[in-house]
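Here's the structure, in structure tokens; my notes come after.
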Protein chains: 2
Amino acid sequence: MKVRVDVMLKSGVLDPQGEAVRHALGSLGFEGVDGVRQGKVIELDLAETDPDKARASVTEMCEKLLANTVIESYSISLDT
Amino acid sequence: MKVRVDVMLKSGVLDPQGEAVRHALGSLGFEGVDGVRQGKVIELDLAETDPDKARASVTEMCEKLLANTVIESYSISLDT
């Protein structure tokens with residue numbers, strides 16, 4: 001089963017990577033870019049086939065490793 | 001208008017970051033993780049309100065800056 005995890009900095013947390021992208025887009029002549037936030041996508045290929053168990057397992061992975069929950073939020077989506 | 005860009009390494013391109021995550025998950029006792037790929041999410045907040053123009057503009061941003069199209073593929077989704 002394929003599972004996709006999005007990890008983004010929580011709103012209010014400074015995102016220097018996103019700011020760098022915003023400045024670079026401005027330098028390239030792109031106008032009207034009001035904000036940029038950058039995050040991570042992690043695509044997991046799991047042997048688990050039960051959606052509930054997969055979600056529970058991936059939630060634990062996020063809490064333990066994939067996201068820094070102090071400053072990052074995550075969302076999990078199962079590819080069916 | 002909010003636009004979301006996913007940038008992933010093309011399949012076949014070695015993903016050391018994903019491999020590192022896979023090993024780390026194994027070390028933490030998570031079993032049945034057959035593969036991990038890691039990519040970027042970029043959330044753009046655009047002044048543009050026309051969906052077609054927004055998509056065209058973001059496609060150009062991807063080609064010029066956001067993705068390295070030699071090794072990465074991107075997908076654009078507009079938040080409506």
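Numbered from 1 within each chain, the chains take letters A, B, ... in sequence-line order. Since we're looking at a predicted model, the values are computed, not measured.
Of the listed residues A:Val36, A:Leu28, A:Asp34, the one with more heavy-atom pairs under 4.5 angstrom with chain B than any other is A:Asp34. Chain B forms the most heavy-atom pairs under 4.5 Å with one residue out of A:Glu48, A:Lys64, A:Met8, and that residue is A:Met8. Chain B forms more heavy-atom pairs under 4.5 Å with one residue of A:Ser57, A:Gly39, A:Ala24 than with any other, namely A:Gly39.
Between A:Val33 and B:Met61 the shortest side-chain heavy-atom distance falls below 4.5 Å.
Taking NZ of A:Lys40 as the reference point, atom CD of B:Gln17 lies at 8.0 Å (rounded to 0.5 Å).
Between the side chain of A:Asp79 and the main chain of A:Arg4, no donor-acceptor pair closer than 3.5 Å is present.
Proximity to chain B (any heavy atom under 4.5 Å) is restricted, for A:Asp6, to the side chain, taken from C-beta onward. With a 4.5 angstrom heavy-atom cutoff, B:Glu60 touches chain A via backbone and side-chain atoms both. For chain B, no part of A:Glu31 is nearby; none of its heavy atoms comes within less than 4.5 Å. Neither the backbone nor the side chain of A:Arg22 has a heavy atom closer than 4.5 Å to any heavy atom of chain B.
In this structure, A:Glu43 places its CD atom where more than 12 heavy-atom neighbours from other residues, nucleotides or ligands lie under 6.0 Å away. The number of heavy atoms from other shown groups lying within 6.0 Å of CD (B:Glu72) is above 12. Annotation: A:Lys53, atom NZ; neighbour count of heavy atoms from other residues, nucleotides and ligands within 6.0 Å does not exceed 12.
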